[in-house]
Amino acid sequence: MTVSVNFAILSDPHIALPHTIWDNPNRFHQVEISIPTLEKVFAELEPLDLDFLLIPGDLTQHGELENHQWLADRLRQLPYPTYVVPGNHDILHPHPGDRTAGISDFTTCYRDFGYGDPLVPYYCCEVHLSIRLIGLNSIYFDDRGQQTSMGRIDETQLRWLEHVLTQHGHETLLVMVHHNVVEHLPNQSQHVLGHRYMLENADELLSLLHQAGVRLIFTGHLHVQDVAEWKGIYEITTGSLVSYPHPYRLFSYQTHADGTTQLKFKTVRIDTVADVPDLQQWSRDWLGDRSYPFMVKLLTHPPINLDLAQAEAIAPQLRHFWADIAYGDAQFDFPDLPAALRTYFQQFGAVDPEGNGLPIDNQAHLIL
């Protein structure tokens with residue numbers, strides 16, 4: 001029997017009602033257009049025959065309960081099921097604050113979007129015939145109730161996952177989690193600027209998924225379009241809807257009678273919203289205008305270790321470096337940089353281990 005499923009992913013929408021927006025002139029993402037951008041996506045998805053929509057975290061800007069409630073109400077109006085998981089912006093503390101959501105608030109608010117038990121912040125549910133979605137919670141709090149910088153799947157959740165993988169091993173299993181499990185940037189799990197986007201115990205999770213034959217993980221958090229692979233497991237991370245290039249993804253998943261399985265996907269980008277007729281150029285410039293401190297930090301930290309004067313001289317040449325990474329499928333060559341730096345930045349491109357171009361971040365046909 002052939003099974004065909006069509007679904008979409010949008011990530012990190014950072015929903016913020018106007019009166020909840022904090023003034024931060026150095027912010028990379030444009031929460032001011034979070035709602036118009038989301039509505040534009042919903043309008044473009046409306047005529048499509050979707051089976052479901054996935055949103056892998058950072059649903060709101062700062063975990064505001066009213067922003068969560070607004071989004072949940074809006075998702076209930078969609079003609080297809082939607083499934084969500086929390087991001088680091090969604091649950092700032094384990095218990096409710098005056099205006100922010102705690103863990104139980106989140107699961108209760110999104111009870112129609114995956115969470116069957118409001119006391120458990122992870123789930124497994126059937127999204128299509130013989131296809132199950134595992135929604136994991138990677139938001140972790142230390143003994144003082146402070147959110148840790150890296151994500152983590154706690155021990156109770158891991159033991160639950162082991163049981164789920166055994167119980168449903170005959171079905172196709174899709175995994176959605178906010179933090180990256182597979183590295184999308186060179187040495188991401190060890191780099192001072194990259195490690196906080198990773199899952200601290202990624203190795204343990206990957207081992208469980210690999211043993212169970214899971215092939216697909218969907219993540220967000222990093223605000224880039226990228227596809228990474230580890231031992232046959234593909235992790236597809238989707239950029240933020242409020243960051244350049246304002247992308248979402250469309251997927252077609254098919255299993256055939258002969259046992260073959262394939263996944264096709266493509267990126268769609270929002271080009272215009274109210275008051276911003278050329279969103280792509282405006283947003284790229286926005287990111288470039290704010291990139292200087294980030295690039296100086298990258299250049300002065302390991303493994304580059306330039307002194308501050310050198311970094312400040314080179315940083316302007318890298319103004320659009322992060323925007324190009326976010327867009328996906330970039331190829332980098334900075335001929336005016338010293339040879340060692342030129343080689344270092346080339347590895348951030350969409351290349352295979354031998355350095356050959358591998359443009360699969362935005363459109364691909366994967367045989368699983």
Side-chain angles (χ1 to χ4, degrees), residues 8-17 20-22 24 27-39 41-42 53-72 74-75 82-94 97 99-103 105-107 109-110 113-115 121-122 135-141 147-153 175-181 184 188 193-199 217-226 235-249 270 283 287 322 326:
I9 294 181
L10 67 87
S11 192
D12 297 64
H14 288 268
I15 292 301
L17 295 165
T20 69
I21 297 174
W22 299 0
N24 184 345
R27 180 175 8 94
F28 271 22
H29 48 290
Q30 300 113 20
V31 295
E32 292 82 0
I33 61 168
S34 61
I35 292 177
T37 307
L38 184 71
E39 294 292 359
V41 174
F42 288 160
L53 169 69
L54 304 180
I55 310 180
D58 277 359
L59 312 178
T60 61
Q61 174 61 355
H62 291 296
E64 305 90 348
L65 185 56
E66 62 180 314
N67 286 334
H68 281 303
Q69 291 170 336
W70 182 94
L71 180 60
R74 184 64 185 90
L75 295 179
T82 301
Y83 303 94
V84 307
V85 292
N88 58 299
H89 278 251
D90 293 322
I91 308 174
L92 305 185
H93 303 283
R99 297 182 179 180
T100 56
I103 296 173
D105 296 308
F106 184 91
T107 55
C109 190
Y110 296 105
F113 310 103
Y115 296 96
Y122 41 87
L136 297 177
N137 171 36
S138 58
I139 311 307
Y140 190 78
F141 298 96
Q147 188 185 120
T148 57
S149 60
M150 294 180 74
R152 185 174 181 84
I153 305 298
V175 173
M176 178 167 63
V177 62
H178 185 60
H179 289 79
N180 298 159
V181 186
H184 292 272
Q188 183 182 346
L193 295 179
H195 71 90
R196 70 186 183 93
Y197 297 96
M198 293 289 300
L199 198 68
I217 304 173
F218 302 108
T219 66
H221 195 28
L222 191 57
H223 288 209
V224 307
Q225 292 290 94
D226 195 78
E235 180 178 313
I236 300 173
T237 193
T238 299
S240 171
L241 205 55
V242 292
S243 256
Y244 179 79
H246 307 276
Y248 64 94
R249 297 185 188 270
I270 301 302
S283 182
L287 199 56
W322 187 252

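Atoms considered below: every heavy atom in the structure, side chains included; atoms not considered: hydrogens, waters and symmetry mates. Position 1 is the first residue of the sequence, and the numbers go up from there. Note that the structure is predicted; figures quoted are calculated from it, not measured.
The ring-ring contact (aromatic ring centres under 6.0 Å, His included) check on His184 picks up nothing, with sequence neighbours excluded. Under the ring-ring contact (aromatic ring centres under 6.0 Å, His included) criterion, Tyr140 pairs with no residue, sequence neighbours left out. With sequence neighbours excluded, the residues that form a ring-ring contact (aromatic ring centres under 6.0 Å, His included) with Tyr110 are His68, Phe106.
A heavy-atom distance below 4.5 Å is found between the side chains of Val41 and Ile270. In this structure, Leu71 and Leu38 have side chains that are in contact, with non-hydrogen atoms separated by less than 4.5 Å. Looking at His195 and Met150, their side chains come closer than 4.5 Å, going by heavy atoms from C-beta outward. Two residues are said to be in side-chain contact when any heavy atoms from C-beta on lie closer than 4.5 Å; Phe42 and Leu10 meet this criterion.
In this structure, the side chain of Glu235 engages the main chain of Val181 through a donor-acceptor pair within 3.5 Å. Judged purely by atom type and a 3.5 angstrom limit, Asp90 uses its side chain to pair as donor or acceptor with the backbone of Leu59. At distances below 3.5 Å, not a single donor-acceptor pair connects side-chain atoms of Thr37 with backbone N or O atoms of Val242. For Asp58 (side chain) and His14 (main-chain N/O), no donor-acceptor pair under 3.5 Å exists by modelled atom type. No donor-acceptor pair closer than 3.5 Å links the side chain of His178 to the backbone N or O of Gly220. Remark: side-chain polar atoms of Gln147 are paired, donor with acceptor, to backbone N or O of Ile91 under 3.5 angstrom. Gln225 contributes a side-chain N or O that, together with a main-chain N or O of Gly239, makes up a donor-acceptor pair within less than 3.5 Å.
Of the inter-residue distances, the one linking Tyr115 atom OH with Asn137 atom CG reads 6.5 Å to the nearest 0.5 angstrom. Taking CH2 of Trp70 as the start and CG of Leu75 as the end, the distance is 8.0 Å to the nearest 0.5 Å. Put simply, CD1 on Ile103 and NE2 on His93 are 11.5 Å apart, with the number rounded to the nearest 0.5 Å. With rounding to the nearest 0.5 Å, the separation of CZ in Arg196 from CG in Asn88 is 7.5 Å. One distance of note links CG of Leu54 with OG1 of Thr238; it measures 9.0 Å at 0.5 Å rounding. With rounding to the nearest 0.5 angstrom, the NE2 atom of His29 is 11.5 Å from the CG atom of Leu287.
Between Ala16 and Ser34 the shortest heavy-atom distance is N-OG, 3.1 Å. A pairwise comparison of heavy atoms in Gln188 and Asn180 identifies NE2-OD1, 3.0 Å as the closest pair. Taking both residues in full, the closest heavy atoms of Arg27 and Trp22 are given as NH2-O, 3.2 Å, listed atom of the first, atom of the second, then distance. What you find for Pro56 and Val177 is that their closest heavy atoms are CB-O, 4.2 Å. Contact detail for Glu64 and Asn67: the closest heavy-atom pair is OE1-ND2, 2.9 Å. The two residues Pro247 and Ser240 make their nearest non-hydrogen contact at CD-O, 3.3 Å.
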Which is it for Trp322 and Val224 under the side-chain contact (heavy atoms from CB on, under 4.5 Å) test, yes or no, and what are the steps along the way?
CA-CA 9 Å; Trp322 187 252; Val224 307; 3.6 Å; yes
Start with the C-alpha gap between Ser11 and Ile55, add the side-chain angles, then the distance that decides, and say whether side-chain contact (heavy atoms from CB on, under 4.5 Å) holds.
CA-CA 5 Å; Ser11 192; Ile55 310 180; 5.7 Å; no
Stepwise side-chain contact (heavy atoms from CB on, under 4.5 Å) test for Phe218 and Arg249:
CA-CA 11 Å; Phe218 302 108; Arg249 297 185 188 270; over 6 Å; no
Start with the C-alpha distance between Gln61 and Thr20, add both sets of side-chain angles, then the distance that settles side-chain contact (heavy atoms from CB on, under 4.5 Å), and finish with yes or no.
CA-CA 9 Å; Gln61 174 61 355; Thr20 69; 6.0 Å; no
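Judged by distance alone, the side chains of Asp226 and Thr237 never bring a donor and an acceptor atom under 3.5 Å apart. A donor-acceptor contact closer than 3.5 angstrom links the side chains of Ser283 and His246.
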